[in-house]
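Every chain is numbered from 1, with letters handed out A, B, ... down the list of sequences.
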2 protein chains.
Amino acid sequence: MAIKEAVRPGGRSARVQEAVHQAVRELQTAKSREELSVPQIAHKAGVTPSTIYRRWGNLAELLADVSLERLHPDDEPPHTGSLANDLQAWGEHYLDEMTSPTGQCMLGDIMASAERERRQRCYRYNETIMACLRERAVMRGEATPSVEDLMDGVIAPMTYRLLYAPDTATPERLSRWIAQTLSSTDMPG
Amino acid sequence: MAIKEAVRPGGRSARVQEAVHQAVRELQTAKSREELSVPQIAHKAGVTPSTIYRRWGNLAELLADVSLERLHPDDEPPHTGSLANDLQAWGEHYLDEMTSPTGQCMLGDIMASAERERRQRCYRYNETIMACLRERAVMRGEATPSVEDLMDGVIAPMTYRLLYAPDTATPERLSRWIAQTLSSTDMPG
DNA sequence: CTCATAAAGCAAATATTTTGCGTTAGGTAA
DNA sequence: TTACCTAACGCAAAATATTTGCTTTATGAG
C-alpha cells in the first residue's frame, strides 16, 4: 500500500521496480490509459500481478508513481540573464510538456492518486525550481518576489489552467503572470 | 460511457440516477473511499451493477459525477458591500468546505475522473461566481479587474493550494491574493 | 557460510467488470 | 386509448481482475 523508495540501489526490489516502471512506460506509448491493466503490466515486466498489488496497491498508484518519477528534473533550467526570462523560458518548456497528450496523462495520473504525499512532492518540486531561479536573480542583485509569491503568481495559474482548462495555458498568459508577479515586487506588499 | 444529464425529469432514468446518487452519498458518510465499490452502491440503490457500469463506466466517474453535483451553488454568495469583502467571504466559505475531509474527497474524486469535460465545468462554475461578484462591483462603480484576472489571481492560487498543499490554503493568504489582484487593477496591466 | 527477513512466486479463492439477451417503462403517433 | 418503438434496465454467465495464504528465493548481516 505504501510506496517504497528504492531501498537498495542494486537489490532485487530495485530491479523489479525498474522492470515494472519500464513496462509501464513502454505500454503507455502503445495503449491508451483505459486499456492498461495490472496483469498486462506484470506480464510485460516479467513479474506476478500480486507483486504489483502488494507493492503499489492498485493501477492508479502505480501510474502516479511512474509519472512522478518522469516529472523530475534532468538538469537545471537554462540561464537567460534575468528572472523574467528565466521564468518565461522554463515555463514555456513546462507548458509545452504538460499540454501534450503525454503530459496531460501524467498530470491526470498524479491527480488520480490518493496518496496526498505524492502531490505535496509535486508542490515541493516546483518550489525548488522557483527557489533556484530566484536565487540566481538575488545573486545578480535583481529585486525578487518571495518564492511563495512566485508559487501563487506563476505556478498556481499555470497549473490551475493545465488541469482545468489546458487550452488556456498559453505562453502569452504566462508572460502576463510573470510581469504582474515581478511588478508587485517593486511596491509595498 | 458518456454521462447523461437527466434526460426527463420524471422518467425511469432520472429515478435510477437519483437512487444511485443517493446511495453514494449515504455510503460515503459511513465508509472510506477505499471501501466503496460499484456492486455495493448498486445493491444499496436497488439496481444492478451492470446498470451503473453501462451508465457511468466505472466507480471513479460515478463518484466524480456525484461530487460535481454537490459542488453546485444553492444560492448566490452573500453581499458585503465591496468586491474585496465579497471575495473574502465567499472564499473563506469555499476554503472551509474544501479543506474538510469531505471537501478534499470531492476534489479528489473530480480530479480522478478522466472526463475532461467535467473539469471544465468546474472552471466555468468558478468563472460564473467571479463574474457575478464582479458584476456587483461594476454596478457599484468600483474599479474591478477582469474575470480572467480574478481567476488567475484568486481562484488559481486557492485551488492550487487546496489540491497540492491543503494546509497552506488559509484565509490569510486569501486576503493577500485578493489585495494584490485588486491593487493591480488601479495601474496599467 | 549460515541465518534472518523482506519481497517475490504461485495458485486458489474472491470480487469485480463485461456481455448477450430478454424485459419493461415511457414516449410518439395513429 | 391503443399500438408500436426504443432507450435503459435486469439477469445471469463469462471473462477479468484482485486478494490472500503459503512457499520459495534473494540479499544483507553476523
Considering residues at least two apart in sequence or located in another chain, which fulfil the side-chain contact (heavy atoms from CB on, under 4.5 Å) criterion with A:A165? A:T168, B:Y123
Hey, could you give me each pair passing salt bridge (Lys or Arg N to Asp or Glu O under 4.0 Å) that has a residue in residues 161-172 of chain A? Not counting sequence neighbours. A:R161-B:D152
Phosphate-side-chain proximity, B:T48 and D:dC9, N/O vs OP1/OP2 below 4.0 Å: no
Which class fits the ring pair B:Y94 and B:W90: parallel under 30°, tilted 30 to 60°, perpendicular over 60°? parallel
Taking NZ, NE, NH1 and NH2 as the nitrogens, is one of them in A:R70 or A:E97 under 4.0 Å from a carboxylate oxygen of the other? no
Using atom CG of A:N58 as one end and atom P of D:dT19 as the other, report the distance to the nearest whole Å. 8 Å
Using side-chain heavy atoms (C-beta onward) and a distance below 4.5 Å, is B:Q22 in contact with B:K44? no
Between D:dC9, C:dT16, C:dG9, which nucleotide gets closest to the side-chain atoms of B:S13? D:dC9
Rounded to the Å, how far apart are A:W56 CH2 and D:dT19 C1'? 17 Å
Starting at CD of B:E61 and ending at P of C:dT18, how long is that distance when rounded to a whole Å? 12 Å
Could you give the CD-to-P distance, from A:Q40 to D:dT16, as a whole number of Å? 12 Å
Which distance, rounded to the nearest 0.5 Å, do you find between the CD1 of A:I52 and the CG of A:N58? 11.0 Å
In this structure, how many angstroms lie between the P atom of C:dA15 and the CG atom of B:L59, rounded? 17 Å
Take the protein atom CD of A:E34 and the nucleotide atom P of D:dA17, then report the distance between them rounded to whole Å. 13 Å
Rounded to whole Å, the CD1-C1' distance (B:I52 to D:dG10) equals 13 Å
Which atom pairs link the protein and nucleotides 21-24 of chain D when you take only N or O atoms and keep those under 3.5 Å?
{"unit_1": "D:dG21", "atom_1": "N7", "unit_2": "A:R54", "atom_2": "NH2", "d": "3.2"}
{"unit_1": "D:dG21", "atom_1": "O6", "unit_2": "A:R54", "atom_2": "NH1", "d": "3.3"}
{"unit_1": "D:dG21", "atom_1": "O6", "unit_2": "A:R54", "atom_2": "NH2", "d": "3.1"}

What's the closest nucleotide to the side chain of A:R55 if the choices are C:dA8, C:dT16, D:dA26? C:dA8
Mind calculating the distance between CD1 (B:I41) and P (C:dA15) to the nearest angstrom? 17 Å
Distance (rounded to the nearest 0.5 Å) between B:R119 CZ and B:L68 CG: 12.0 Å
